[in-house]
Amino acid sequence: MRDLTNISLLPYNTFGIDVKAKRFIEYTSLDELRDVLKAHKGEQILHIGQGSNLLFTKDFDGIILHSGMARARFLDDETVEAQNGLRLDDLIAQLTDMGYSGMEKLSLIPGEVGASAVQNVGAYGVEAKDVIIRVNTIDTQTLEDRVFTNEECRFGYRDSAFKHELKGRYIVTSVVYHVTPGEAAKTREEIIQTRMAKLPTVGEVGSAGSFFMNPFVPEQQADELLKQYPEMPHFPSPQGVKIPAAWLIEQCGLKGQTLGGAQVWQKQPLVIVNATGNAKPEDIINLAKLVSDSVFERFNIRINPEVNYI
Ligand SMILES: Cc1cc2nc3c(=O)[nH]c(=O)nc-3n(C[C@H](O)[C@H](O)[C@H](O)COP(=O)(O)OP(=O)(O)OC[C@H]3O[C@@H](n4cnc5c(N)ncnc54)[C@H](O)[C@@H]3O)c2cc1C
């Protein structure tokens, strides 16, 4: 177990925000995790993964918990259980090498297995929910194990019950995924190339990936917008008509827009980057507000952050 006090969170968030945490604890077993939870009951605790979807807005006056558990094992021919601290892309790389498919379209998404279930990560038409069978957790209050079936996780677009009514109550300890024997190496390679061309590379340019979620609007509103903007990309769905937030932002002329050290990424305007490497949280917060307000003023559509403000 690693137990550090008053540490910089710079290595623990991909945005590259240099704030401090009062304490940082990394456990390496479920027993250690239970001991930590027991010893610090009632204290402010935040469990993080790779910190690739977080925006630390100030110093964190509590305990940051991180998992050092990073193993995966097959439960049967088509079922793999991965521990929360394993990088999702490492898992996909291992599965691809072993001749398994199902998760290759999620290649190169930063972050760890635990958060893949919390966030219901997705890319290229596949979401974590399509391959998650169940999610194993520990209840932070009773310290008991609880298993959530796929249905009980109430997955939605970049969403799950762990972001709402269950937030902070359960720590995801491992995720059980369904995979099938099959060749995935070519698709994985193509996806890696496409993503590298379009998205900032973690470790080189600070970001949290897509800053905003794509909005869904009622059919009538989409029809009216289409009269004005016939070229507007739009995707009807049961939730309403999905409109790419990147298109809305680009129409507002905000590609490349800077504010302090923050910038709307030129190659993909859905992404806000720490362009100078020393952006302050307020730079990112204010730029995100500028983007969201501009889109609202022009299209009467509110785009909401995908990133978790801490
Ligand atoms: C360059 C880049 C590209 C990206 N591309 C995509 C993409 O294509 N698709 C996509 O969906 N996302 C994408 N993301 C966002 C990000 O990768 C995902 O949201 C990812 O799931 C975050 O994982 P993490 O381990 O970094 O979690 P963190 O950012 O550390 O945490 C995210 C949330 O999960 C909670 N959490 C973390 N671990 C646990 C746990 N074990 N138990 C309970 N709660 C937990 C945290 O408290 C927090 O609320 C991208 C990010 C970057 C930087």
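We count ligands from 1, going down the list as the structure has it; atoms in each ligand are counted the same way.
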Output field: ring centroids F299/W247 closer than 6.0 Å: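 They qualify: ring centres under 6.0 Å apart.
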
Y27 ring center within less than 6.0 Å of H47 ring center: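 When the ring centroids of H47 and Y27 are compared, they turn out to be within the sub-6.0 Å range.
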
Looking only at protein heavy atoms, which one is nearest to [atom], and how far off is it?
atom                    : result
atom 31 (O) of ligand 1 : L54 CD2, 3.7 Å
atom 27 (O) of ligand 1 : A115 CB, 3.2 Å
atom 9 (N) of ligand 1  : G122 O, 2.8 Å
atom 41 (N) of ligand 1 : V172 O, 3.0 Å
atom 47 (O) of ligand 1 : H47 O, 2.7 Å
atom 34 (O) of ligand 1 : V118 CG1, 3.6 Å
atom 29 (O) of ligand 1 : N53 N, 2.7 Å
atom 20 (C) of ligand 1 : P110 O, 3.6 Å

With heavy atoms of [X] as the reference, note each atom of ligand 1 found under 4.0 Å away.
X    : answer
I171 : 42 (N)
T14  : 53 (C)
L46  : 47 (O)
G111 : 23 (O), 24 (P), 25 (O), 26 (O)
E112 : 23 (O), 24 (P), 25 (O)
I48  : 30 (O), 37 (C), 38 (N)

Ligand 1 contacted by Y170 (non-hydrogen, < 4.0 Å):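 So Y170 counts as touching ligand 1.
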
Test item, K167 contacting ligand 1 (heavy atom, 4.0 angstrom):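 Judged by the 4.0 Å heavy-atom criterion, K167 does not count as contacting ligand 1.
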
Within the structure, does [X] bring an N/O atom to less than 3.5 angstrom of an N/O atom in ligand 1?
X    : answer
S207 : no
S52  : yes
R195 : yes
G49  : yes
V121 : no
P200 : no

Parallel, tilted or perpendicular, as decided by the 30° and 60° cut-offs, for the rings of F148 and Y170: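 Y170 vs F148 ring planes: perpendicular.
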
Interatomic distance, D283 atom CG to N274 atom CG [nearest 0.5 angstrom]: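 Those atoms lie 8.5 Å apart.
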
Row check, F56 ring normal vs K20 NZ/CZ: under 6.0 Å, within 45°: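 No cation-pi geometry.
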
Heavy-atom neighbours of M1 CE exceed 12 at 6.0 Å: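 Yes, CE of M1 has more than 12 neighbouring heavy atoms, counting only those of other groups under 6.0 Å.
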
K255, NZ atom: more than 12 neighbouring heavy atoms under 6.0 Å: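 Yes - once you tally the heavy atoms of other residues, nucleotides and ligands closer than 6.0 Å, there are more than 12.
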
Contacts of type side-chain hydrogen bond (donor to acceptor under 3.5 Å, both in side chains), residue D159, not counting sequence neighbours: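 In terms of side-chain hydrogen bond (donor to acceptor under 3.5 Å, both in side chains), with neighbours along the sequence ignored, D159 is linked to H164.
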
Atom of N120, atom of A128 and distance for their closest heavy-atom approach: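 Closest heavy-atom pair between N120 and A128: OD1-N, 3.3 Å.
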
Exercise: identify the closest heavy-atom pair between T14 and S52: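 Smallest interatomic distance, heavy atoms only, reads OG1-CA, 3.2 Å.
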
Quick one, [X] and [Y] - any side-chain contact, counting heavy atoms below 4.5 Å?
X    : Y    : result
Y177 : I133 : no
H40  : R23  : yes
E127 : R158 : yes

Option from D89, T96, T194, T187 for which side-chain contact (heavy atoms from CB on, under 4.5 Å) with S107 holds: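 Among D89, T96, T194, T187, the one that satisfies the side-chain contact (heavy atoms from CB on, under 4.5 Å) with S107 is D89.
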
Nearest neighbour of atom 12 (N) of ligand 1 from the list K198, E306, Q119, on a heavy-atom basis: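 When every heavy atom of K198, E306, Q119 is considered, E306 comes closest to atom 12 (N) of ligand 1.
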
